[in-house]
Amino acid sequence: MNKEFIEIRWHGRGGQGAITAAKIFAGAAFVSGYPGVVMAPSFGTERRGAPVMTSLKISRDKIYDLSPIETPDIIVVLDHLLLAEADVTHGLKPGGIIVLNTPKSFESYNLKDYRFATADITAISVEAGLPHGMVNTGIIGSLERAINLVGMEILIKGIEEEFSTRKPEKNSLAAKIAFERTVTGG
Amino acid sequence: MHIIENGNVAAALGVKLCRANVIAAYPITPQTPLTEKLSEYVESGEMKAEYIPVESEHSALAVCIAASSAGARSFTATSANGLLYMHEQVQWAAGARLPIVMCVVNRAVGAPWNVWNDQQDSISQRDTGWIQMYCSDHQQIIDSVIKAYWLAEKVSIPIMVCYDGYILSHTYMPFDAPDQEQVDAFLPPFKPDYALNTEKPANLNTVTLPDVRMDVRGELAHGYMEIRYLLQEEMRAALAVAAEAEKRFADIFGRGGDPYIEPYLCDDAEYIAVGLGSLTYQLRVCVDALRKEGLKVGVMGVRFYRPFPDVAIANALKGKKGVIVFEKALSYGYEGALVSDLKSALYEHLAGTGDLPMVQNFIAGIGGRDIRTEDLTQTLRAATKSRVAKEPVWIGLKL
Amino acid sequence: MGTRNYRRKTSHSDHGPGDGGRTGSWRVERPVLNTSLCIPCKRKTEACFMCWLFCPEVVISRTIPPAINLEYCKGCGICAEECPTKAITMVDEAAFSEEDKDKE
């Protein structure tokens with residue numbers, strides 16, 4: 001993966017917090033030496049529970065092109081059921097990474113052109129003390145494990161700032177556990 | 001301090017830093033999060049302002065007109081059909097010479113109903129007597145709001161700060177949020193020539209006759225025509241004041257550039273793409289790609305659309321082989337409004353000199369149609385080879 | 001001499017009689033007050049003043065008896081319409097002598 005310019009597309013459901021997660025990751029990337037970060041949600045028709053996506057571009061230079069990502073390096077999926085429901089791998093570069101929240105085992109996924117990083121974020125988040133279904137901070141840990149881009153310390157700080165009034169320690173704990181338990185390979 | 005936020009928050013932060021006294025707005029996508037953010041600031045006490053909820057955009061601007069007449073720094077924001085519904089008061093605010101600042105978060109107009117981005121809404125308000133500024137990123141949004149208050153109050157003309165809906169309003173990117181002290185140093189409190197005063201009542205903008213008249217003091221007062229002439233005269237003179245604003249801003253905030261246009265790789269370019277707003281930044285990527293192919297291309301963003309910086313534009317385009325104007329709006333029945341204005345400026349300043357470039361017009365992104373960078377690059381490449389068509393060409397049309 | 005140096009950029013009229021010109025000359029009919037029917041005059045106390053309240057040109061005073069400034073009264077007749085005791089009647093200007101008119 002070219003770490004000078006990275007395109008990440010996030011897939012979740014309305015209300016799951018994919019946009020907040022992408023925003024935290026964008027902030028951490030900026031702090032760690034990427035002056036160009038642009039996070040663009042899909043526009044206009046967000047509804048709770050419906051599939052939503054947001055794109056995040058990370059670059060060593062200011063980003064002038066705000067058009068949607070067409071060929072992402074990484075896909076982050078907050079709900080494994082979306083794999084069947086939406087064309088989440090659309091445009092994913094060969095050798096690209098799919099970061100997936102799933103209760104299934106790593107071995108049950110074998111799309112040969114892509115690499116996988118999986119963890120049961122739903123269970124991990126409950127273990128960290130978050131209400132059931134709060135998965136957007138855990139997935140940040142999985143993403144960092146998969147791409148090793150900004151470092152957990154900066155991400156933990158970003159999470160605790162964003163959630164400063166909403167269980168900051170439990171949210172950062174979810175990310176830490178997810179980072180440890182994420183299985184990568186392929 | 002650098003923060004990562006969306007364009008609506010950049011605008012709201014600018015309004016807060018300018019210490020606006022009165023905010024009145026009616027929600028409409030994609031503007032809504034901007035005024036929601038302002039209502040949060042007011043509710044939490046972070047911002048000392050009156051937030052006046054209204055039942056329509058027409059009333060929103062009516063409230064701002066009244067507040068501004070009473071000496072309050074006033075703000076509103078809208079999009080698309082909200083702006084169109086406001087139109088009667090838009091003209092009124094300009095004729096009354098009130099320095100209101102309004103963010104127009106650009107969106108396609110109905111019918112058919114569409115919430116996505118193009119620029120038909122603000123372009124259709126071109127002739128209302130408002131200054132129009134266009135922004136290409138979040139830094140320009142927050143900076144333009146701050147500059148706009150200074151300029152508007154200096155020339156007594158209202159200003160629309162226009163930025164692309166969703167593409168800028170809902171997209172997150174880093175920008176420098178200035179300190180309150182810096183903004184206070186740049187922007188003094190609003191001191192109007194006359195503010196409504198119960199001790200000294202006056203009638204404002206009542207029936208004004210076609211001819212001049214003696215007023216109650218026995219002085220010869222303007223007729224309608226004189227008042228409208230002054231608006232035109234001072235709007236043209238506002239170009240010089242805008243340059244003063246830009247310089248003053250650069251002195252305090254350490255950033256700025258040409259007040260009217262934003263050229264990129266234009267000096268040695270043979271062909272220059274021209275546009276308004278975020279599209280011109282996307283075109284930089286196309287220009288970079290075409291430069292690698294050896295094509296001498298550049299791109300120029302127009303920051304002020306009214307007053308129209310005709311001299312700056314003619315100077316920048318003088319002697320070029322071709323000018324390719326990309327627009328997200330058009331004057332139905334002819335061509336893009338910007339390309340018409342641009343050709344008029346070129347004719348005025350370059351006719352007969354042999355330096356007149358060929359001009360082409362492309363329409364893109366109407367109703368939020370994705371503008372693919374690859375398509376833009378191809379279009380620009382083709383436009384440097386030959387004249388694509390006489391009529392404006394719609395990019396990405398699937399008819 | 002034009003209006004170049006006029007103190008305002010806009011249409012702005014200060015409070016005062018006659019900002020719209022000497023509107024008394026527009027009058028076709030003149031309001032005439034019958035003090036024997038007028039409520040404040042009869043009661044010798046501040047009351048009613050509907051004429052004062054409704055006059056669009058603000059040319060009727062809140063006094064006993066109410067006084068009408070004929071230099072600016074344009075003869076619209078609203079005071080006569082509103083008076084609850086019909087104390088004001090509109091009289092054809094032709095009924096007044098040149099002398100009366102000069103007194104305006």
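Chain letters run A, B, ... following the sequence lines, proteins first and then strands; every chain starts at 1.
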If you tally heavy-atom pairs under 4.5 Å between each of B/Leu209, B/Leu231, B/Thr208 and chain C, the highest tally belongs to B/Thr208
Search all heavy atoms of C/Thr3 against all heavy atoms of B/Val212 and return the closest pair with its distance. CG2-CG1, 3.6 Å
Say you draw a straight line from CD of B/Glu226 to OG of C/Ser11; how long is it, rounded to the nearest 0.5 Å? 11.5 Å
Kindly check if the number of other-residue, nucleotide or ligand heavy atoms within 6.0 Å of CD (B/Glu88) is above 12? yes
Answer yes or no: does atom CD of C/Glu82 have more than 12 heavy-atom neighbours from other residues, nucleotides or ligands under 6.0 Å? yes
Please say whether more than 12 non-hydrogen atoms of neighbouring residues, nucleotides or ligands are located less than 6.0 Å from CZ in C/Arg7. yes
Taking all non-hydrogen atoms of both residues into account, name the closest pair between C/Ser13 and B/Thr206 and its distance. OG-OG1, 4.2 Å
Under 4.5 Å heavy-atom distance to chain C, tell me which part of B/Leu230 shows up: side chain, backbone, both or neither. side chain
Beyond-backbone contact of C/Tyr6 with B/Asp215, side-chain heavy atoms, under 4.5 angstrom: yes
Would you confirm whether B/His222, through its side chain, and C/Arg8, through its main-chain N or O, come within 3.5 Å as a donor-acceptor pair? yes
Non-hydrogen atoms of C/Thr10 and B/Asn205 that approach each other most closely: CB-OD1, 4.1 Å
Bottom line for B/Ala96: the part with an atom under 4.5 Å from chain C's heavy atoms is backbone
For B/Val155 versus C/Lys9, what's the shortest heavy-atom pair and its separation? O-NZ, 4.2 Å
Taking everything shown except B/Asp184 itself, do over 12 heavy atoms lie less than 6.0 Å from its CG? yes
Per-residue contact mode, B/Tyr194 against chain C (heavy atom under 4.5 angstrom): both
Are there over 12 heavy-atom neighbours, none belonging to B/Tyr51, within less than 6.0 Å of that residue's OH? yes
In terms of heavy-atom contacts, does OH of B/Tyr85 have more than 12 from other residues, nucleotides or ligands at under 6.0 Å? no
